[in-house]
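Written out below as structure tokens is the structure these notes cover.
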Amino acid sequence: MAEEKKTPKKLNPKRTPVREQDPALRRRNFEEVSFGYGPEEAALEAGRCLGCKNKPCVAGCPVGVPIPEFIAAMVNGDFAEAYRIIRSANVMPAVCGRVCPQENQCEGACTLGKKHEPVAIGRLERFCAGWQMEKGGGASSEPAASTGMKVAVVGSGPSGITCAYDLARLGHTVTVFEALHEPGGVLFYGIPEFRLPKKIVAGEIDTLRQMGVRIRTNSVAGKLVSMEELMKEFDACFIGVGAGLPRFMGIPGEDLNGVYSANEFLTRTNLMRAYRFPEYDTPIKTGKRVAVIGGGNVAMDSARTAMRLGAQEVTLVYRRSEAELPARAEEVHHGKEEGLRFEMCTLPTRIIGEGGWVKSIECVRMELCEMDKSGRRRPNPLAGSEFEIPVDTVIMAIGTGANPLLTGTATGLALNRGYIVADPETGKTSVQGVYAGGDIVTGAATVISAMGAGRKAARAIHEYLSCMKR
Amino acid sequence: MHKIIEKKLLRPPDVFFYKISAPLVAAKAKAGQFVIIRLHEKGERIPLSLAGIDAAEGTISLIVMAVGKTTGEMATLEEGGEIRDVCGPLGNPTHTENAGKVILAGGGFGIAPLYPIGKAFREAGSNVAALMGARSKSLLIYENEMRGISDKVLITTDDGSAGMKGIITDALKAELEAYGADTVMAVGPAPMMKAVCEATRPFGVRTIVSLNAIMIDGTGMCGGCRVRVGDKTKFACIDGPDFDGHLVDWDCLINRQRMYKTEEKESFEDWKKRHNLP
Ligand SMILES: Cc1cc2nc3c(=O)[nH]c(=O)nc-3n(C[C@H](O)[C@H](O)[C@H](O)COP(=O)(O)OP(=O)(O)OC[C@H]3O[C@@H](n4cnc5c(N)ncnc54)[C@H](O)[C@@H]3O)c2cc1C
Ligand SMILES: Cc1cc2nc3c(=O)[nH]c(=O)nc-3n(C[C@H](O)[C@H](O)[C@H](O)COP(=O)(O)OP(=O)(O)OC[C@H]3O[C@@H](n4cnc5c(N)ncnc54)[C@H](O)[C@@H]3O)c2cc1C
Ligand code: SF4
Ligand code: SF4
Ligand code: FES
């Protein structure tokens with residue numbers, strides 16, 4: 001309440017709008033949807049912040065970005081300082097400003113949000129990052145003198161990147177092992193260009209390289225190097241291999257041609273650039289009508305990608321109601337503008353084929369019943385409500401499990417249903433000197449929580465190495 | 001970047017042998033595993049079996065049949081040229097413990113992985129018979145190499161110009177009837193592996209196949225390589241590539257291999273046009 005008294009009379013209850021590509025155009029191209037704030041818009045939006053003393057927004061951010069402080073610097077016109085403040089807590093503001101589910105995190109907790117629209121913290125963060133990049137890159141901190149200690153980081157997703165960055169800054173020699181030919185994890189192969197341009201991800205990776213971190217691509221740990229060898233060659237190890245094993249529903253017809261996992265559909269498009277086939281060699285089959293099964297960010301990204309690849313009709317099939325869609329609110333809004341169809345409270349029961357190819361998908365309607373353990377209402381199939389949606393392509397975006405490639409070969413590493421058991425505060429695993437974080441510990445989560453885990457593990461690894469040295 | 005140390009035309013016009021510098025892969029690779037290569041920035045990732053592994057020399061060998069855009073483009077690379085990405089070793093090694101009597105049945109590029117596999121079986125004390133089929137004598141590849149690692153080599157040609165006249169399954173049945181076997185390992189095009197499995201089924205001989213599903217990452221991340229084995233969905237790249245051939249749903253595999261037929265053709269034609277090739 002105290003804060004609200006300070007509310008200047010002319011406070012705009014609405015956030016400063018951001019310019020976006022026209023939905024009618026953008027639904028057919030891969031360029032970024034939002035243009036982001038310019039300096040004037042950013043200053044205007046920064047001016048809406050109340051500078052609350054209790055900082056509820058900071059508590060809502062998984063890595064505790066000093067939000068009122070960086071916004072105050074923006075109000076003073078010192079964007080460089082604002083960037084520096086953000087960067088002290090968040091290694092990749094250009095990424096987080098774009099992909100954090102802000103409505104559940106910083107912005108969800110913003111005082112302004114109680115009566116009005118919350119401060120557009122994500123957009124401000126994105127602006128500062130972009131401003132700094134234009135001014136010549138983000139590598140603001142020099143690495144410390146070398147400690148002579150060597151750390152292996154397995155996986156170059158957000159958890160691995162953050163861990164590597166922090167360890168390098170503390171003077172350790174870091175080598176990152178990445179299975180694919182491009183580093184970045186889901187930021188590269190999963191999240192599409194129109195939401196997170198790949199040159200931004202490449203910029204973050206460059207920063208890492210400038211810090212002296214060696215990135216070894218095409219290096220599958222568990223195959224090219226074993227866990228034992230890593231432990232012999234390095235003083236400590238961080239595992240951030242993500243949760244990249246796609247799940248299927250186990251319904252009939254999933255082996256038909258035209259059925260994709262979201263991972264495959266997105267990897268072909270993002271990593272292999274199938275949207276530029278045949279200039280790029282990797283093909284993709286989108287078809288005229290596409291059904292995407294699921295309701296999270298992965299489903300949204302698949303559906304909007306299919307639209308951009310030329311599909312005429314894209315239907316999102318989700319078993320709960322729209323209120324329960326786990327995707328970021330902004331993406332749902334954008335998806336609707338782009339003309340996605342929503343079949344809510346609907347469950348696929350069978351994929352029907354013809355001559356080896358998908359022809360339609362059979363679904364049943366769901367009624368929402370009592371709350372389940374996750375606090376959401378559990379959907380139940382309605383008898384006799386079966387119906388068919390004619391489609392050429394079905395994309396399964398119903399989640400991923402733990403990939404056993406590395407963990408299956410690491411002796412002594414405690415697992416829980418395939419996920420690595422690690423201390424949430426330190427990332428410590430059951431093997432001495434081995435730390436883990438990100439999706440391979442928590443299951444599929446968020447970019448910022450993976451980054452938070454990488455940061456905590458880096459701190460713990462640093463302490464471990466310091467003890468070892470003594 | 002991986003240098004091409006040696007290149008040979010193994011069987012005109014379209015089967016090539018490559019020796020490639022990849023010391024880290026060579027140090028780790030075992031018979032039955034594969035690599036995924038990408039020729040250049042715009043290239044696709046294609047899986048190729050290891051036809052030879054020399055850890056001391058730091059090289060791996062590949063036998064590649066030029067069937068489309070990427071393998072066709074690879075055929076234009078010469079000694080001293082470079083391949084941008086070589087990722088591996090991928091997949092599980094073949095179990096090459098002493099398996100008694102082993103028959104290796106190779107079709108097309110399937111001879112590639114069978115060479116190191118046969119060698120490993122032999123070193124483990126197995127008795128190895130190699131069964132090689134081709135349309136005619138001039139189309140046989142790797143015959144001398146296979147002789148070097150086998151106790152017995154059986155050749156069939158469609159026209160009878162070498163070995164027995166007929167197809168590979170005829171020779172296989174005759175061999176099983178006369179001498180039996182403990183294990184049959186078949187690698188080649190899916191219809192050939194399917195035929196081998198049908199031939200061995202009545203004999204109840206354990207039959208291992210190496211499945212060539214379409215792949216991208218090779219790490220279990222995309223699920224594109226899924227195959228049906230014993231009514232379960234398996235990922236060929238991490239659960240295989242070797243499976244019990246009698247449990248494989250062949251029609252499913254053959255259908256899925258056709259998924260990009262139109263695009264593959266388009267890509268190949270487009271590339272040939274850009275390079276003024278026939
Ligand atoms: C399509 C999609 C959209 C998403 N959208 C959002 C969003 O909008 N907002 C949000 O906050 N979150 C989003 N997420 C979730 C978020 O991307 C993940 O939670 C996050 O990337 C997890 O980070 P990570 O570091 O644990 O692993 P990952 O990003 O999964 O990276 C793991 C890396 O390790 C590599 N690897 C795996 N095994 C090995 C091995 N054996 N050896 C070497 N390398 C290996 C992989 O190739 C990969 O590069 C999305 C996820 C997807 C798939
Ligand atoms: C585990 C494994 C090992 C293999 N080993 C060899 C080998 O040692 N020598 C060899 O010559 N070939 C091998 N292949 C097949 C080889 O990968 C394909 O011939 C190659 O991908 C064709 O690419 P292309 O662009 O030249 O032809 P395309 O025109 O793209 O395709 C021609 C044929 O290859 C298949 N194919 C296409 N893309 C892929 C892909 N990404 N993965 C698998 N198959 C594909 C298609 O089903 C098609 O029938 C192997 C395949 C697998 C899965
Ligand atoms: S990192 Fe994410 S949650 Fe934290 S302040 Fe930035 S946008 Fe909000
Ligand atoms: S961002 Fe919102 S919660 Fe945070 S200080 Fe500003 S007004 Fe208060
Ligand atoms: S190739 Fe992607 S999971 Fe096997």
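Proteins come first, then strands; the chains are lettered A, B, ... in the order of their sequence lines, and each starts at number 1. Scope of the values below: all heavy atoms of this structure, side chains included, with no hydrogens, waters or symmetry mates. This is a predicted model, so every value here is computed, not measured.
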Return yes when atom [atom1] of [X] has more than 12 non-hydrogen atoms of other residues, nucleotides or ligands closer than 6.0 Å, and no otherwise.
X: A:E354; atom1: CD; answer: no
X: B:R201; atom1: CZ; answer: yes
X: B:H246; atom1: NE2; answer: yes
X: B:K272; atom1: NZ; answer: yes

Distance (rounded to the nearest 0.5 Å) between [X] [atom1] and [Y] [atom2]:
X: A:D281; Y: B:E44; atom1: CG; atom2: CD; value: 6.0 Å
X: B:K42; Y: A:F277; atom1: NZ; atom2: CZ; value: 13.5 Å
X: A:E254; Y: B:R228; atom1: CD; atom2: CZ; value: 8.5 Å
X: A:E279; Y: B:R274; atom1: CD; atom2: CZ; value: 8.0 Å
X: A:L266; Y: B:C222; atom1: CG; atom2: SG; value: 11.5 Å
X: A:T282; Y: B:E263; atom1: OG1; atom2: CD; value: 11.5 Å

Query raised in the report: Among A:G356, A:P246, A:P278, which residue forms the greatest number of heavy-atom pairs with chain B at distances under 4.5 Å?
Result: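 Result: the option with the highest number of such pairs is A:P246.
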Report task. Name the option with the most non-hydrogen atom pairs under 4.5 Å to chain B; the candidates are A:K285, A:R273, A:M272. Result ->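 So the answer, after comparing A:K285, A:R273, A:M272, is A:K285.
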**Report entry** Carboxylate-amine/guanidinium contact B:K28 A:E229, below 4.0 Å
**Finding:** yes
Query raised in the report: Taking 4.0 angstrom as the limit, do B:R226 and A:D255 come out as a salt bridge?
Result: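 Salt bridge present between B:R226 and A:D255.
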Report task. Measure across A:G355 and B:N255 and return the closest heavy-atom pair with its distance rounded to 0.1 Å. Result ->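 Heavy atoms only, the tightest pair is O-OD1, 4.2 Å.
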Side chain of [X], backbone of [Y]: donor and acceptor closer than 3.5 Å?
X: A:N403; Y: B:T219; result: yes
X: A:N218; Y: B:D85; result: no
X: A:K223; Y: B:P89; result: no

Given a strict heavy-atom distance threshold of 4.5 Å, which part of [X] is in contact with chain A: side chain, backbone, both, or neither?
X: B:I254; answer: neither
X: B:E41; answer: both
X: B:D239; answer: neither

Query raised in the report: Can you say whether the rings of B:Y260 and A:Y260 are parallel (under 30°), tilted (30 to 60°) or perpendicular (over 60°)?
Result: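 Ring orientation of B:Y260 relative to A:Y260: tilted.
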Side chain, backbone, both or neither: which part of [X] has a heavy atom under 4.5 Å from chain B?
X: A:L405; answer: side chain
X: A:E182; answer: side chain
X: A:F265; answer: neither
X: A:V225; answer: backbone

Query raised in the report: Yes or no on side-chain contact (heavy atoms from CB on, under 4.5 Å) for B:I238 and A:L245, after CA distance, side-chain angles and deciding distance?
Result: CA-CA 11 Å; B:I238 54 168; A:L245 191 76; 3.9 Å; yes
Option in [options] with maximal non-hydrogen atom pairs under 4.5 Å from chain A:
options: B:G224, B:G220, B:S267, B:C252; value: B:G220
options: B:G91, B:G218, B:A29; value: B:G91
options: B:T233, B:T70, B:V86, B:I36; value: B:V86
options: B:H40, B:R38, B:M221; value: B:M221

Query raised in the report: Could you go step by step and tell me if A:N257 and B:R256 meet the side-chain contact (heavy atoms from CB on, under 4.5 Å) rule?
Result: CA-CA 6 Å; A:N257 286 347; B:R256 286 185 59 79; 3.5 Å; yes
Requested in this report: Applying side-chain contact (heavy atoms from CB on, under 4.5 Å), run through B:I216 and A:R268 and close with a yes or a no.
Outcome: CA-CA 8 Å; B:I216 307 181; A:R268 283 184 179 270; 3.4 Å; yes
Requested in this report: Mind running side-chain contact (heavy atoms from CB on, under 4.5 Å) on B:D217 and A:L180 for me, showing each step along the way?
Outcome: CA-CA 7 Å; B:D217 57 300; A:L180 296 172; 3.9 Å; yes
Requested in this report: Could you verify whether a donor N or O on one side chain and an acceptor N or O on the other, from A:H181 and B:R45, lie under 3.5 Å apart?
Outcome: yes
